[in-house]
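Step one of this worksheet: look at the structure below.
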Protein chains: 2
Amino acid sequence: MTNLPTTFAALSDPTRFAMVERLMAEGALPAGALSAGVEISAPAISRHLKTLRAAGVIQQEVKGTHRIYSVRPEALQMITAWTMSHREFWESSMNRLEMALSEFQETKDD
Amino acid sequence: MTNLPTTFAALSDPTRFAMVERLMAEGALPAGALSAGVEISAPAISRHLKTLRAAGVIQQEVKGTHRIYSVRPEALQMITAWTMSHREFWESSMNRLEMALSEFQETKDD
DNA sequence: TTGTTAATTAACTGTTGATTTAATTACTAG
DNA sequence: CTAGTAATTAAATCAACAGTTAATTAACAA
């Protein structure tokens, strides 16, 4: 639940990953909205939501017949904390490319 | 291979995750060293190494009969780039705790 | 109550994944 | 070349996972 491998497992499915990205971009959404426009069935989406919730990646808010889902910031923070705890490792080869740090530098000056 | 869900899938197994953490902490290691001290069989370790390699998380260097494995910094950088690209999302609830950012701030002044 | 909509759970199928033991490849040493 | 060591691939098993259709729960509105 609150450990990294479980979080990574939740995000390892492309469908779930896309759902999480959409929830972060658009904010909280009901299950129906996440189901719409996607080719897979509603029950499949429902199961993915359950998996994400069990892993602590998303949270649910019941609103009448709708269930509103949103990403738990703590999940992202946990991943960030892990990468940062190993920062000295991957940063040592930073001269090779501009990937993560350049992305970071972009949003740094706000 | 070079996409996030695949990377997350590679890190979703507790055994593999532990192997990656050990490789980052101790540096490059031969397969035998990763196998020693762990309760699972050598072939199982070998398959895990193959999975990690296919996902681009680790790399292999052949040295005689030994295969030396090490973590590819790019894999960590890719994860970091992703979390940073969503930084405005999880950072907005940062007042709740000190997790990732505090970790980051600690190592910032070097 | 009856019907409608939102979403889930149930039951089933096919695929992938982790593990083991046994066999194989490949390098090194005598 | 023979033996030993490092590591992998082969073959088989069992569990977990993603997907489907069908059935169920729950809220709301007439």
Side-chain angles (χ1 to χ4, degrees), chain A residues 1 3-23 26-72 75, chain B residues 1 3-23 26-72 75:
Chain A
M1 262 187 198
N3 67 333
L4 242 2
T6 303
T7 302
F8 287 149
L11 296 171
S12 70
D13 183 90
T15 302
R16 282 197 295 269
F17 183 76
M19 288 164 72
V20 168
E21 288 231 283
R22 194 168 160 206
L23 285 175
E26 305 183 23
L29 288 174
L34 288 163
S35 194
V38 186
E39 73 283 357
I40 66 177
S41 66
I45 294 290
S46 185
R47 288 180 77 89
H48 281 308
L49 288 168
K50 191 177 186 177
T51 301
L52 286 168
R53 200 150 81 97
V57 174
I58 63 172
Q59 60 199 156
Q60 184 193 62
E61 187 197 355
V62 177
K63 205 124 193 178
T65 81
H66 297 249
R67 280 93 209 265
I68 315 294
Y69 290 97
S70 56
V71 176
R72 290 184 67 240
Chain B
M1 263 185 200
N3 67 333
L4 243 2
T6 303
T7 303
F8 288 149
L11 296 171
S12 69
D13 182 90
T15 301
R16 282 196 295 269
F17 182 76
M19 288 164 72
V20 169
E21 288 231 282
R22 194 169 159 205
L23 284 175
E26 305 183 22
L29 288 174
L34 287 162
S35 194
V38 186
E39 73 283 358
I40 66 176
S41 67
I45 293 290
S46 184
R47 289 184 79 86
H48 281 309
L49 287 168
K50 192 178 186 176
T51 300
L52 286 168
R53 199 150 82 98
V57 175
I58 63 171
Q59 60 198 154
Q60 184 194 61
E61 186 197 355
V62 178
K63 206 125 195 179
T65 81
H66 297 249
R67 280 93 209 265
I68 314 296
Y69 290 97
S70 56
V71 176
R72 290 184 66 239

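In what follows, every chain begins at residue 1, and chains take the letters A, B, ... in the order their sequences are listed. Keep in mind the model is a prediction, meaning the values are calculated, not measured.
In this entry the distance linking NZ of B/K50 with P of C/dT19 reads 16 Å, nearest Å. A straight line from CD of B/E39 to C1' of C/dT21 spans 17 Å, rounded to a whole angstrom. Distance NE2 (A/H66) to C1' (D/dA29): 13 Å, rounded to an integer number of Å. Per the geometry, NZ belonging to A/K63 stands 17 Å off C1' belonging to C/dA7, to the nearest Å. In this structure, B/H48 atom NE2 and C/dT20 atom C1' are separated by 12 Å, rounded to whole Å. If you measure from atom CG of B/L34 to atom P of D/dA6, you get 14 Å, rounded to the nearest angstrom. In this entry the distance linking CE of A/M19 with C1' of D/dA18 reads 13 Å, nearest Å. Rounded to whole Å, the distance from CD1 on A/I45 to P on D/dC17 is 18 Å.
Residues A/M19 and A/I45 are in side-chain contact: their nearest non-hydrogen atoms beyond the backbone lie under 4.5 Å apart. Using a 4.5 Å heavy-atom cutoff, the side chains of A/L49 and A/I58 are in contact.
In this structure, the side chain of B/S35 does not engage the main chain of B/G32 through any donor-acceptor pair within 3.5 Å.
Among the protein residues, A/P30 comes within range of the sugar-phosphate backbone only, with heavy atoms under 4.0 Å from sugar or phosphate atoms but none that close to a base. Using a 4.0 Å heavy-atom criterion, one finds that B/A31 contacts the sugar-phosphate atoms exclusively.
Distance from the side chain of A/P43 is smallest for D/dA22 among the nucleotides D/dA22, C/dT19, C/dC27.
Counting non-hydrogen atoms of other residues, nucleotides and ligands closer than 6.0 Å to CZ of A/R22 gives a total above 12.
The residue among A/R47 and A/R67 whose nearest nucleotide of DNA chain C is located toward the 5' end is A/R67.
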